[in-house]
Amino acid sequence: MINVKLQDGKVIEVVAGEKIIDIIKKISNSLAKEAVSAILNGETVSLEETVEEDSDLEILKFDDERAKDAFRHTSSHILAQAVKRLYPEAKLGIGPSIENGFYYDFDMEHRLTDDDLKKIEKEMKKIVESNYPLEKFVLPRDEAIKFMKEKSEEYKVELINDLPEDEEISFYKQGDFTDLCAGPHVSKTGQIKAFKLMSVAGAYWRGSEKNKMLQRVYATSFPKQKELDEYIEKLEEAKKRDHRKIGKEMDLFAIMEEGPGFPFFFPKGMIIRDELERFWRKEHHKRGYQEIKTPLILNEQLWHTSGHWDHYQDNMYFTKIDDGDYAIKPMNCPGAMLSYKRRMYSYRDLPIRLCEMGQVHRHELSGALHGLMRVRTFTQDDAHIFMLPEQIKDEIIGVIDFIDYVYKLFEFKYHIELSTRPEDFMGNAEEWDMAENALKEAMEEKNIPYIINEGDGAFYGPKLDFHLEDCLGRTWQCGTIQLDFQMPQRFDLTYVGSDGEKHRPVMIHRVVFGSIERFIGILIEHFAGKFPLWLAPVQVNLLTVTEKFAPFALELADRMRDAGIRCEADVRNEKIGYKIREARNARNSYICVIGEKEVEDNTLQVRSIKQGELGSIDIDDFIKKLLDEIKAKQA
RNA sequence: GCUGGCGUGGCUCAACGGUAGAGCAGCUGAUUUGUAAUCAGCAGGUUGGGGGUUCGAUUCCCUCCGCCAGCUCCA
């Protein structure tokens, strides 16, 4: 007698050798029925064999990361097996489980095409249908190397050689295929019911551009076809929301061939930018920041002083003026340093918070460019806070709270990552430790959980990065708080302490939006172009049924604009259905129809881009409602 | 930058070794219309740039530029 735990937690008793149909009869829950038949694949198998294997009956749903990894990892082995069957000369790289699926890297002469992917999928189906058990075995190091050498798997040999001395070297075998692997796996290939090969792309062996580029096949898999379908649907939704597509449709911005990575903003895009900036200024003034503006071009000597020459040169643009060498700023900090340095400060003056909408230029690799998300010129909503050492923690907390306030306003979820000292760092290790500890203390005091990225800090200091999550669950790095003990030294910044002596202030670099351009890109995708009213380029669109109502519409449009509402009137001689279609495609927030009835009653037939039909609304009430809604989000 | 794919009028796309075609948008005219496309006409492209193969190239080859996916990097 064996107890089998079902997905819904229910336990049933089965006897070895019992017929599948009898087992299924015991299960009332249809989901569980499906599950059991899925595992057993309609065959009569002995139950000892099924239950013996480590907890696989439960991988019917990704209820924990381990189950998901095992499932995807087995999927990647099936992919590799299929590829080896079709292209025996292919050498295997690695095939891990990743965020939304898995991949496998192959080194092979033949360039894989989309048609090849279809063939590979077919072969994978055969492997799934064969329902091979996955069998683990362990080999001593020398035998493991010999084994892989025999198969000419040179990358695997390299991996084995790099494994720590004390680590077990395990392999998993499924039918005619064996792979070096630490596991875990599901018990049989038959469990991988729903999978799809997504794409093939180049990827450097072990992620280093010095190594050979392999062909990486991306794929995903799920326990159920329905989940795979949902995932694909989500990808399609993301595609529809692509800010490059919506940006074009709404006429917000464009990046032209004449300036790769240098975006143009058009009138409607500028409205969004202006509103964000206005909001940003108001919030900064509230929090004791003073705004500055520093030059885009400054001489080369300055960049030697700041350390950018030594650490950031590859990303900078240079120019000559008369006989002098100049650089276009890739960061705003040197300008802020000079601004601080223009006069003397007392300890009573600190903290000094200087903020700047600073446009920077960075030479990014051409292949890295991506719409507004990754560009070569962007505007950082920067600030540099100069403070006494004892003010560090409070200032960091102030910035954390500020960023939290802004992200919540846009209904973003986010998480924080702490990046520590990189290999190419400036200054000395003790100061770095102090800076890292200050960030940790602030986080701990706020009781905020965070991830640590070892060695990922900026060259001048450790940082807290804010990764915000949009409505589709994708994350983007935006805000960052960087603590810097280096720049104040390099620029010899001082303040006069209560002892009458000169002391060195500590500095924070920070951004909230990160880059206005990227933030707008994220907002476009997050809201699918249907912006909160205060950001919407066209807040109200008045549509006349016939030209007869044009004077009424034009006058009302003027009145709304006077009241501070962005209003457009469409009085063209077109059918109302046509105008509505255009207004909806433009994602105008409120679309109002004006005809005989409306003119008589002083009302509007209103439809909201987000909520649909709102019916007939009195004009005065509607204006009031609009003004309230515009204000509500900017409190 | 690297690997692969792609580049046709403002936009979305078609065709093809014999010098390009549609829809939308634009313009003109008719229509005066009640909730996702009224009708007709006109105009618009040396098929990303340059070079080569060919009797002939937009189609094949080379090269440069740009775009897309991924790698690397990052706000």
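For the numbers below, each heavy atom of this structure counts, side chains included, while hydrogens, waters and symmetry mates do not. Residue numbers start from 1 in every chain, and the chains themselves are labelled A, B, ... in the order their sequence lines are given, proteins ahead of strands.
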* Asked: With sugar-phosphate meaning primed atoms plus P, OP1 and OP2, does A/Glu613 contact a base, only sugar-phosphate, or nothing at under 4.0 Å between heavy atoms?
  -> base

* Results of ring-ring contact (aromatic ring centres under 6.0 Å, His included) for A/Tyr578 - residues two or more places apart only -> none

Write down the protein N/O and nucleotide N/O pairs, taken from nucleotides 12-14 of chain B, whose separation is under 3.5 Å; answer none if there are no such pairs.
{"residue": "B/U12", "atom": "OP1", "partner": "A/Lys248", "partner atom": "NZ", "Å": "3.2"}

* Can you check whether A/His284 and A/Phe402 have ring centres sitting under 6.0 Å from each other? -> yes

* To do: With P as the reference atom in both, quote the distance from B/C67 to B/U12 in angstrom, rounded to an integer.
  => 15 Å

* Asked: Base, sugar-phosphate, or nothing: which does A/Val360 touch, judged by heavy atoms less than 4.0 Å apart?
  -> nothing

* A/Tyr289 ring centre to A/Arg287 NZ or CZ under 6.0 Å, with the angle to the axis within 45°? -> no

* For A/His509 and A/Asp382, test the side chains for any donor-to-acceptor distance below 3.5 angstrom and give the result as yes or no. => no

Could you pull out all donor-acceptor pairs under 3.5 Å where a side-chain atom in residues 544-557 of chain A meets a protein atom, sequence neighbours excluded?
{"residue": "A/Thr544", "atom": "OG1", "partner": "A/Asp570", "partner atom": "O", "Å": "3.3"}
{"residue": "A/Thr544", "atom": "OG1", "partner": "A/Lys579", "partner atom": "NZ", "Å": "3.0"}
{"residue": "A/Thr546", "atom": "OG1", "partner": "A/Lys548", "partner atom": "N", "Å": "3.2"}
{"residue": "A/Lys548", "atom": "NZ", "partner": "A/Glu596", "partner atom": "OE1", "Å": "3.1"}

* To do: Please name all residues satisfying ring-ring contact (aromatic ring centres under 6.0 Å, His included) with A/Trp205, sequence neighbours left out, ordered by chain then number.
  => A/Tyr155

* Stem ranges for RNA chain B, with three or more consecutive Watson-Crick or G-U pairs under 3.5 Å? -> B:1-7 with B:65-71, B:10-13 with B:21-24, B:26-30 with B:38-42, B:48-52 with B:60-64

* Same-atom distance (C1') from B/G49 to B/U8, integer angstrom -> 15 Å

Pairwise N/O distances under 3.5 Å, protein to nucleotides 22-28 of chain B:
{"residue": "B/A25", "atom": "OP1", "partner": "A/Tyr578", "partner atom": "OH", "Å": "2.5"}

* Residues forming a side-chain contact (heavy atoms from CB on, under 4.5 Å) with A/Ile448, sequence neighbours excluded -> A/Ile400, A/Ile416, A/Met443, A/Lys446

* Asked: Taking only residues two or more places apart in sequence or in another chain, which ones pass side-chain contact (heavy atoms from CB on, under 4.5 Å) with A/Asn100?
  -> A/Tyr231

* Asked: Contact class for A/Val593 vs. all strands (heavy atom < 4.0 Å): base, sugar-phosphate, or nothing?
  -> base

* Would A/Arg72 count as a cation-pi partner of A/Phe222, with NZ or CZ less than 6.0 Å from the six-membered ring centre and within 45° of the ring normal? -> yes

* Return the set of residues passing side-chain contact (heavy atoms from CB on, under 4.5 Å) with A/Arg273 (not counting sequence neighbours), or none when no residue passes. => A/Phe265, A/Met270, A/Glu277, A/Thr379, A/Ile516, A/Glu517, A/Ile520

* P-based separation of B/U58 from B/G26 [nearest Å] -> 32 Å

* Asked: Under 4.0 angstrom, heavy atoms only, what part of the nucleic acid is A/Gln215 near: base, sugar-phosphate, or nothing?
  -> nothing

* To do: Could you measure between the two C1' atoms, the one in B/A15 and the one in B/U59, and give it in whole Å?
  => 10 Å

* Structure fact -> Heavy-atom nearest nucleotide on RNA chain B taken for A/Gly514 and for A/Val545; more 5' hit belongs to A/Val545

* Asked: Can you tell me how far C1' in B/G48 sits from the matching atom in B/C6, rounded to whole Å?
  -> 12 Å

* **For A/Phe378, ring-ring contact (aromatic ring centres under 6.0 Å, His included) partners two or more places apart** => none

* To do: Any chance you could list the contact pattern along nucleotides 65-74 of chain B? Use B for base contacts, S for sugar-phosphate-only contacts and - for none, protein heavy atoms under 4.0 Å, 5' to 3'.
  => -SSSSBBBBB

* Provide the distance between the two C1' atoms, one in B/G9 and one in B/G23, to the nearest whole Å. => 13 Å

* To do: Give a yes-or-no answer on whether the side chains of A/Asp116 and A/His110 include a donor-acceptor pair shorter than 3.5 Å.
  => yes

* Asked: Starting at the 5' end of RNA chain B and moving along, which residue's nearest nucleotide shows up first, A/Ala458 or A/Arg607?
  -> A/Arg607

Could you list the donor-acceptor pairs under 3.5 angstrom formed by side chains in residues 451-463 of chain A, with sequence neighbours left out?
{"residue": "A/Asn453", "atom": "ND2", "partner": "A/Glu417", "partner atom": "OE1", "Å": "2.6"}
{"residue": "A/Glu454", "atom": "OE1", "partner": "A/Thr420", "partner atom": "OG1", "Å": "2.9"}
{"residue": "A/Tyr460", "atom": "OH", "partner": "A/Gln482", "partner atom": "OE1", "Å": "2.4"}

* Asked: Is A/Arg111 near enough to B/G4 that one of its side-chain N or O atoms lies under 4.0 angstrom from OP1 or OP2?
  -> yes

* Distance in angstrom units between A/Asn211 CG and B/U3 P, rounded -> 14 Å

* To do: Tell me what A/Glu258 touches on the nucleic acid: a base, only sugar-phosphate, or nothing, going by heavy atoms under 4.0 Å.
  => nothing

* **Output field: ring centroids A/Tyr590/A/Phe622 closer than 6.0 Å** => yes

